[in-house]
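See below for the structure under consideration.
Numbered from 1 within each chain, the chains take letters A, B, ... in sequence-line order. The shown structure was predicted, so the numbers you read here are calculated from the model rather than taken from an experiment.
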Amino acid sequence: MKWIPSRFNAMAQTKQGELILYNSYTGAIGAVAEGEKAAVLKALKRTGIDRELSPVEQTLVECGFLVAENVDEKRRAQFLHQSLHRTDVMHLVILPTEACNFRCVYCYQEFLRGQMKREVIDGLKRFLTETIPRLTHLTVSWFGGEPLLALDVIEEISTVIIEQTKRYGVTYQADMSTNGYDLSKETMRRLLRCEVTRFMVTLDGSKDVHDARRVLANRGPTYETILGHLRDIQTLDESFEVDIRVNFDEDNLDRIPLFLDELACYFAGDRRFQLFCRPVGRWGGANDERLPVCDHRTAEVKIWELTEYGIKKGLSMSSMVESMLMPSGAVCYAAKPHSFVIGADGQVYKCTCAFDEEYNRIGRLHADGMMDVDMDKLALWVTSGEETDEQCQACFFRPACQGNHCPLYRLRTGDRPCPHEKRKIKEVLRLIDAQSFVRDEGKGR
Amino acid sequence: MRILRPAASPVA
């Protein structure tokens with residue numbers, strides 16, 4: 001048996017001279033100390049190994065960094081990609097309202113439709129009642145608009161989901177993207193009872209910075225209310241995760257480190273609160289041309305510089321970053337055949353970032369629970385990944401994203417939608433290692 | 001080698 005390095009490996013060196021290894025097909029990540037480094041680098045040479053393996057080489061095999069020479073790795077990736085097309089796993093993004101109490105400067109939504117209509121709520125409950133018995137797993141993402149303006153709708157639909165998933169032994173997980181303005185401790189308790197355990201809340205800087213960008217519809221400030229809620233929620237004993245998303249551009253970039261100092265005062269060491277930095281984009285809103293977005297190169301660097309700063313201050317990096325490195329972990333929900341966005345008026349979409357695109361309006365949910373879907377439009381979203389792109393097929397990151405990190409970007413531009421994590425894989429691996437060190441030192445909940 | 005994250009069964 002001859003062993004050769006996997007085509008899905010990536011490698012980084014830390015400042016301390018450690019070697020970090022990663023394989024995107026198994027998701028394994030390993031740190032090699034100075035003393036073992038020479039042996040590992042030798043084992044990973046393209047010439048391969050055709051003798052008995054040493055203990056460290058055996059570990060490289062177990063992690064997938066070394067594979068048997070006769071393994072067809074491209075076929076492995078192809079099979080993994082096909083497994084996305086299972087119909088017993090479903091992801092629904094539900095918009096209980098499309099209204100919002102905020103008017104953020106970079107928002108791309110138009111808030112034309114308000115709260116979910118009664119016939120849509122009833123139709124969705126019927127659809128779920130009929131569909132859940134055929135599933136093994138259901139993920140629901142509550143989105144909007146601002147979903148907390150329709151908490152009663154969330155509770156009504158969640159009651160059906162929880163009852164049905166329990167009855168049929170279906171695993172269930174739910175997350176929510178909220179501006180956080182109404183996320184009081186009592187509301188949080190109600191959401192946890194609805195089994196919503198992961199939240200994304202955006203803070204774009206300290207008070208003066210945030211309050212110039214993320215304002216109420218009447219232009220009022222929002223920072224102190226949101227931060228107050230997060231600190232209240234922190235006193236709960238339950239387990240949950242809150243991604244604190246920080247959207248940066250040329251306007252607020254320089255002031256984010258000061259903000260992270262402030263965040264660290266409250267949340268350092270509490271792993272439930274996690275940092276997620278992303279560049280502001282021209283996402284389709286009315287202010288697009290006036291937004292001081294960073295150029296791509298600056299954005300790619302700053303995402304990880306700011307994250308590193310946060311980790312050094314004791315904040316946790318969003319677990320979404322690490323999960324993006326798992327096999328299929330960076331595939332967008334819009335690229336999966338069994339994933340749908342349910343609008344407040346019953347319109348069915350694939351993508352949450354392009355509600356006005358005709359090719360994104362793929363169907364309708366009716367009051368009797370039937371969902372009409374235009375299969376040609378659906379096919380557009382679920383067949384435009386690695387299968388049509390030779391560069392994706394040859395990429396080390398293929399098992400993680402499958403050319404499908406953002407089908408919308410590919411449809412609009414024709415370009416490859418590589419995830420930020422892939423573009424700066426060495427920095428990401430160093431940050432994962434750095435975070436593991438912080439935790440090994442006994443900090444953290 | 002320190003394993004930060006073990007190998008998964010990708011398709012499963």
> Leu325(A), Asn23(A), Ile29(A): which one forms the most heavy-atom pairs within less than 4.5 Å of chain B?
Replying inline: Ile29(A)
>> Tell me whether Gln391(A) at atom CD has more than 12 heavy atoms from other residues, nucleotides or ligands lying less than 6.0 Å away.
In response: no
> With sequence neighbours left out, what residues match Phe276(A) under ring pair (Phe, Tyr, Trp, His ring centres under 6.0 Å)?
Replying inline: none
> What part of Leu21(A) is in contact with chain B, defined as an atom under 4.5 angstrom from a non-hydrogen atom: side chain, backbone, both or neither?
Replying inline: side chain
> Arg2(B) versus Val32(A): any side-chain heavy-atom pair under 4.5 Å?
Replying inline: no
>> Can you tell me if Lys42(A) has over 12 outside heavy atoms packed within less than 6.0 Å of its NZ?
In response: no
> CD of Glu57(A) to CE of Met1(B): how many Å apart, nearest 0.5 Å?
Replying inline: 11.0 Å
>> Nearest 0.5 Å, please: how far is CG in Leu4(B) from CD1 in Ile20(A)?
In response: 6.0 Å
> What residues of residues 58-67 of chain A sit under 4.5 Å from chain B when only non-hydrogen atoms are counted?
Replying inline: Thr59(A), Leu60(A), Glu62(A), Cys63(A), Phe65(A)
>> For the backbone of Tyr22(A) and the side chain of Arg5(B), can you confirm whether one donor and one acceptor N or O come within less than 3.5 Å of each other?
In response: no
> Quick one: of Gly30(A), Gly35(A), Ala31(A), who has the most non-hydrogen atom pairs under 4.5 Å with chain B?
Replying inline: Ala31(A)
